[in-house]
4 protein chains.
Amino acid sequence: MSPRTKKQLDEIKKDKHGIILNAALIVFSENGYHSASISKIAKTAEISKGLIYNYFESKEALLNEIILSGLAKLTGFFNPNNDGFLTEDEFDLFLNSLTKIIKENISYWKLYYSVILQHSVLELLKEKIMEFTQGYFTILINYFSRHNSKNPEAEAMLLTTTLDGLAIAYVNDPEQFPIDEMIQLVIKKFK
Amino acid sequence: MSPRTKKQLDEIKKDKHGIILNAALIVFSENGYHSASISKIAKTAEISKGLIYNYFESKEALLNEIILSGLAKLTGFFNPNNDGFLTEDEFDLFLNSLTKIIKENISYWKLYYSVILQHSVLELLKEKIMEFTQGYFTILINYFSRHNSKNPEAEAMLLTTTLDGLAIAYVNDPEQFPIDEMIQLVIKKFK
Amino acid sequence: MSPRTKKQLDEIKKDKHGIILNAALIVFSENGYHSASISKIAKTAEISKGLIYNYFESKEALLNEIILSGLAKLTGFFNPNNDGFLTEDEFDLFLNSLTKIIKENISYWKLYYSVILQHSVLELLKEKIMEFTQGYFTILINYFSRHNSKNPEAEAMLLTTTLDGLAIAYVNDPEQFPIDEMIQLVIKKFK
Amino acid sequence: MSPRTKKQLDEIKKDKHGIILNAALIVFSENGYHSASISKIAKTAEISKGLIYNYFESKEALLNEIILSGLAKLTGFFNPNNDGFLTEDEFDLFLNSLTKIIKENISYWKLYYSVILQHSVLELLKEKIMEFTQGYFTILINYFSRHNSKNPEAEAMLLTTTLDGLAIAYVNDPEQFPIDEMIQLVIKKFK
DNA sequence: GATGAATGAGAATTCATTCAT
DNA sequence: CATGAATGAATTCTCATTCAT
């Protein structure tokens with residue numbers, strides 16, 4: 001999810017695995033998981049249907065890998081020096097980075113949020129997502145326990161769900177929703 | 001021997017209509033719209049597949065009626081005397097009622113949020129939802145314009161997305177998510 | 001198929017059997033046998049679906065009875081005094097009567113011709129139709145054997161198929177097709 | 001190991017396309033369009049149901065292609081040098097060729113006539129058929145205007161419907177109906 | 001690795017027919 | 001006699017997945 005150099009992009013392009021992943025992300029996010037067909041993904045990736053099954057076990061495995069590899073890219077970001085310590089400036093930076101991350105990967109987050117609202121599939125996926133969420137949740141609790149006497153867990157949790165709410169509203173209508181203004185308001189309310 | 005009276009038939013119809021609607025809500029919310037099959041709904045309702053089509057034109061019509069009749073129930077609630085005026089006490093009451101409404105209809109709101117995150121289908125449905133959303137958005141703007149000098153629209157928008165975020169978190173894990181505590185925090189932050 | 005008096009029509013109207021038959025003829029001829037549903041027939045007849053099954057064993061039985069009762073009405077017409085003797089004037093009258101019969105029962109003949117081109121159903125029906133056809137075929141052979149030395153059977157057969165061809169063209173586009181002019185030409189060619 | 005060449009694939013496609021078309025013609029003509037199921041066609045073609053949809057968009061598209069490709073084969077025949085000029089010998093040839101064409105494609109013509117007697121479907125198809133029919137109608141009018149002073153249009157129209165009548169009688173009972181003898185009689189009557 | 005023809009399970013929907021009332 | 005709710009088999013069509021090449 002972090003910005004990629006041109007060279008990295010070229011490598012991904014050459015790599016069939018990455019090509020398929022990108023095509024699938026686009027098709028999934030445009031059509032929704034169930035309406036997205038393997039055929040459409042293959043056409044988007046400009047390869048054959050069969051080849052997808054050389055790289056991925058199933059349509060569901062493809063979805064899982066998209067979601068998880070997206071999260072994996074974030075992991076480093078939220079816990080850079082593994083100390084989980086946020087200054088006030090870093091808190092602002094943290095929130096603003098979030099916006100940037102979402103803006104640069106609208107397709108991904110569109111898919112992400114539509115997926116977490118589906119029961120049936122995805123028990124495994126949910127666990128992994130939980131795991132990841134813990135990481136940045138911890139950072140937030142730590143921050144609030146230093147700034148906000150009463151109930152840091154609750155504060156962190158509210159911030160998390162608020163950001164989810166914002167992200168959902170934004171990916172649903174990126175042209176209209178004033179995500180930056182909203183984030184500034186959040187910063188004011190949670191500082 | 002003699003055919004059933006019109007009254008008897010009307011009752012049968014009303015009952016079955018409700019039974020199908022309930023079954024569909026459960027199956028839709030557990031599986032998501034696309035994975036929920038008419039077969040599964042029929043089995044849940046303990047009727048035949050064909051009967052569903054005596055009561056609803058199509059799978060999509062069934063979804064529409066579920067979503068819209070759910071919203072219709074809310075309409076009266078958010079605009080009781082049609083003035084859209086909220087006192088501070090009413091603001092608290094408003095938020096707490098929201099929780100109650102969500103708690104009592106977890107399946108419905110699970111479905112509702114999974115639907116608004118789907119692009120493919122449902123243009124008509126989205127319009128109707130927008131219409132409804134406007135109603136309570138107006139009330140909030142009105143409230144904030146009396147309490148919060150700076151930017152009532154932004155404030156109302158943030159509250160709306162925050163509540164959506166909370167609702168989504170809650171319906172995804174009703175056992176764990178401390179919705180009441182969260183709402184209290186929201187009240188504090190937005191008053 | 002012969003014109004009915006007003007009283008006869010009223011009797012038919014009162015008679016459910018006849019009502020159903022009429023409704024079915026209309027719906028069959030407008031939609032074709034397979035696309036015509038029992039529901040539509042019931043609606044057209046302004047009765048319930050179930051009642052149709054009090055009078056007819058099945059949809060197919062209904063079709064059979066329509067076709068056969070239509071033919072039965074013709075039987076008397078073509079063999080009034082059972083002698084099968086046609087003068088030249090009667091020959092003209094015969095052909096002109098045919099036109100009249102078709103014009104007055106477009107729906108019936110539309111259905112009739114669409115039915116005889118379907119293999120699957122209707123073995124029984126075909127036999128009955130054959131039987132009927134024989135009747136007026138005989139009359140024609142008799143006529144031609146008195147007027148046309150060479151091959152009366154062939155002449156009669158050609159006239160029959162020619163008339164079928166005309167009838168089909170007419171029922172397919174009654175507004176445009178100049179059936180009367182055509183019949184006059186036929187009279188000229190076969191006299 | 002290596003994928004099939006484009007040429008191989010094209011051959012497979014062409015073959016299967018033809019196999020499906022043949023099977024569909026048989027099943028359609030035996031059962032009528034509505035009673036002919038995709039399942040039956042697949043079974044006749046000895047392939048899976050799904051494959052039919054790799055080659056044809058829908059059941060209706062399949063019917064259209066059968067009918068239209070059949071007509072296309074005729075186009076060249078009736079308008080060889082595009083002048084629409086028929087000598088008397090050519091007129092005889094024309095009629096005799098017609099018989100041959102029908103005899104060699106009984107299934108096709110059975111289907112053709114059952115289709116033009118159906119209202120429901122097929123508006124597009126009917127238009128195309130009209131277009132084609134015009135072509136040979138023009139040739140006939142031209143012929144009769146040179147041979148028959150009175151009313152060439154009527155003459156051409158009667159010949160057309162007569163031939164339709166003959167064709168229908170023949171395809172309904174190819175074993176019994178003396179099509180050749182009939183055609184000779186037609187030639188005599190229309191020359 | 002790569003292709004895409006082929007499969008078959010399953011989806012939504014229709015509709016003739018039954019039957020309790 | 002009459003009703004229409006209810007059934008379930010059959011239909012068209014889709015699509016993830018397989019596999020010969």
Side-chain angles (χ1 to χ4, degrees), chain A residues 16 34-43 46-62, chain B residues 1-6 8-13 15-17 34-42 45-62, chain C residues 16 34-43 46-62, chain D residues 1-6 8-13 15-17 34-42 45-62:
Chain A
K16 287 285 157 75
H34 283 101
S35 299
S37 73
I38 292 287
S39 274
K40 227 182 273 179
I41 294 171
K43 216 166 279 169
E46 297 183 301
I47 55 162
S48 70
K49 266 188 293 187
L51 193 56
I52 292 176
Y53 288 88
N54 281 9
Y55 290 90
F56 300 90
E57 266 206 342
S58 66
K59 190 183 174 188
E60 195 180 334
L62 187 47
Chain B
M1 285 296 133
S2 48
R4 276 166 282 212
T5 63
K6 200 175 176 330
Q8 280 175 312
L9 287 174
D10 280 353
E11 254 167 51
I12 288 174
K13 263 194 187 168
D15 288 355
K16 274 289 153 66
H17 189 88
H34 282 104
S35 297
S37 73
I38 293 289
S39 274
K40 236 180 273 179
I41 294 171
E46 297 183 302
I47 56 166
S48 68
K49 269 183 294 180
L51 190 57
I52 291 176
Y53 290 89
N54 278 14
Y55 289 89
F56 299 91
E57 271 206 337
S58 64
K59 190 185 173 186
E60 194 178 335
L62 186 47
Chain C
K16 287 285 156 76
H34 283 103
S35 300
S37 73
I38 293 287
S39 273
K40 228 183 271 180
I41 294 170
K43 216 165 278 168
E46 297 183 302
I47 56 161
S48 71
K49 266 186 295 186
L51 192 56
I52 292 177
Y53 288 88
N54 280 10
Y55 290 89
F56 300 90
E57 264 206 344
S58 65
K59 191 184 173 187
E60 195 179 334
L62 187 47
Chain D
M1 284 297 135
S2 48
R4 276 167 283 212
T5 63
K6 200 173 177 328
Q8 281 175 312
L9 287 173
D10 280 353
E11 256 167 50
I12 290 174
K13 264 194 186 167
D15 289 355
K16 274 291 152 64
H17 188 90
H34 282 105
S35 297
S37 72
I38 293 287
S39 273
K40 238 181 272 180
I41 294 170
E46 297 184 301
I47 55 166
S48 69
K49 270 182 294 179
L51 191 57
I52 292 177
Y53 290 90
N54 279 14
Y55 289 88
F56 300 91
E57 269 206 338
S58 64
K59 190 185 172 185
E60 194 179 335
L62 187 47

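Lettering of chains follows the sequences in order, A, B, ..., and the numbering in each one begins at 1.
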Interatomic spacing from CD1 in Ile52(D) to NZ in Lys59(D) - rounded to 0.5 Å: 10.5 Å
When we call it a touch if two heavy atoms are under 4.0 Å apart, what does Phe56(C) touch: a base, just sugar-phosphate, or nothing? nothing
If you check the Ser58(D) side chain, which of dC13(F), dA6(E), dA16(E) turns out closest? dC13(F)
5'-most contact on DNA chain E: Ile47(A) or Ile52(D), nearest heavy atom basis? Ile47(A)
In Å, rounded to the nearest 0.5 Å, how long is the span from CD of Glu11(D) to CG of Leu9(D)? 10.0 Å
Contacts of Ser48(B) that satisfy side chain to side chain contact (heavy atoms under 4.5 Å, CB included) - sequence neighbours left out: Leu51(B)
So what does Ala61(A) touch, heavy atoms closer than 4.0 Å: a base, only the sugar-phosphate, or nothing? nothing
Quickly work out the Lys43(A) NZ to dT3(E) C1' distance and round it to whole Å. 14 Å
Output all residues satisfying ring-ring contact (aromatic ring centres under 6.0 Å, His included) with Tyr53(C), sequence neighbours left out; order by chain, then residue number. none
Give a yes/no answer on whether the side chain of Tyr53(C) brings an N or O atom under 4.0 Å of OP1 or OP2 in dA2(F). no
Comparing Glu57(C) and Glu46(A) on DNA chain E - which has the more 5′ nearest nucleotide: Glu46(A)
Which distance, rounded to the nearest 0.5 Å, do you find between the NZ of Lys43(C) and the OG of Ser37(C)? 7.5 Å
So which nucleotide from dT13(E), dT12(F), dG4(E) ends up closest to the side chain of Leu9(D)? dG4(E)
Residue set satisfying side-chain hydrogen bond (donor to acceptor under 3.5 Å, both in side chains) with Lys16(B), at least two apart, ordered chain then number -> none
Between dC13(F) atom P and Ile41(D) atom CD1, what is the distance in whole Å? 10 Å
Could you tell me the separation between the NZ atom of Lys59(A) and the P atom of dT18(F), rounded to a whole number of Å? 15 Å
Mind calculating the distance between CD1 (Ile38(D)) and P (dT14(F)) to the nearest angstrom? 11 Å
With the criterion being N/O to N/O and under 3.5 Å, what pairs connect the protein with nucleotides 8-10 of chain E, and how long is each?
residue: dG10(E); atom: O6; partner: Lys49(D); partner atom: NZ; Å: 3.4

Would you say dA2(F) has OP1 or OP2 under 4.0 Å from some side-chain N or O of Lys16(C)? yes
Can you tell which of dA6(F), dT13(E), dC13(F) lies closest to the side chain of Asn54(B)? dA6(F)
Rounded to whole angstrom units, what separation is found between the NE2 atom of His34(B) and the P atom of dA16(F)? 12 Å
What's Ala42(B) touching, base or sugar-phosphate or nothing? Going by heavy atoms closer than 4.0 Å. nothing
Can you tell me how far the CG atom of Leu62(D) sits from the CD1 atom of Ile38(D), to the nearest 0.5 Å? 6.0 Å
Of the non-hydrogen atoms in His34(C) and Ser35(D), which two are nearest, and what is the gap between them? NE2-OG, 2.6 Å
Dot-bracket for DNA chain F, 5' to 3', with Watson-Crick and G-U pairs under 3.5 Å, [ ] for crossing pairs and | for other-strand pairs: what is it? .||||||||||||||||||||
Below 4.0 angstrom from OP1 or OP2 of dA5(E), is there any side-chain N or O of Tyr55(D)? no
Taking only residues two or more places apart in sequence or in another chain, which ones pass ring-ring contact (aromatic ring centres under 6.0 Å, His included) with Tyr55(D)? none
Spacing of CG belonging to Asp10(D) relative to OG1 belonging to Thr5(D), to within rounding of 0.5 Å: 8.5 Å
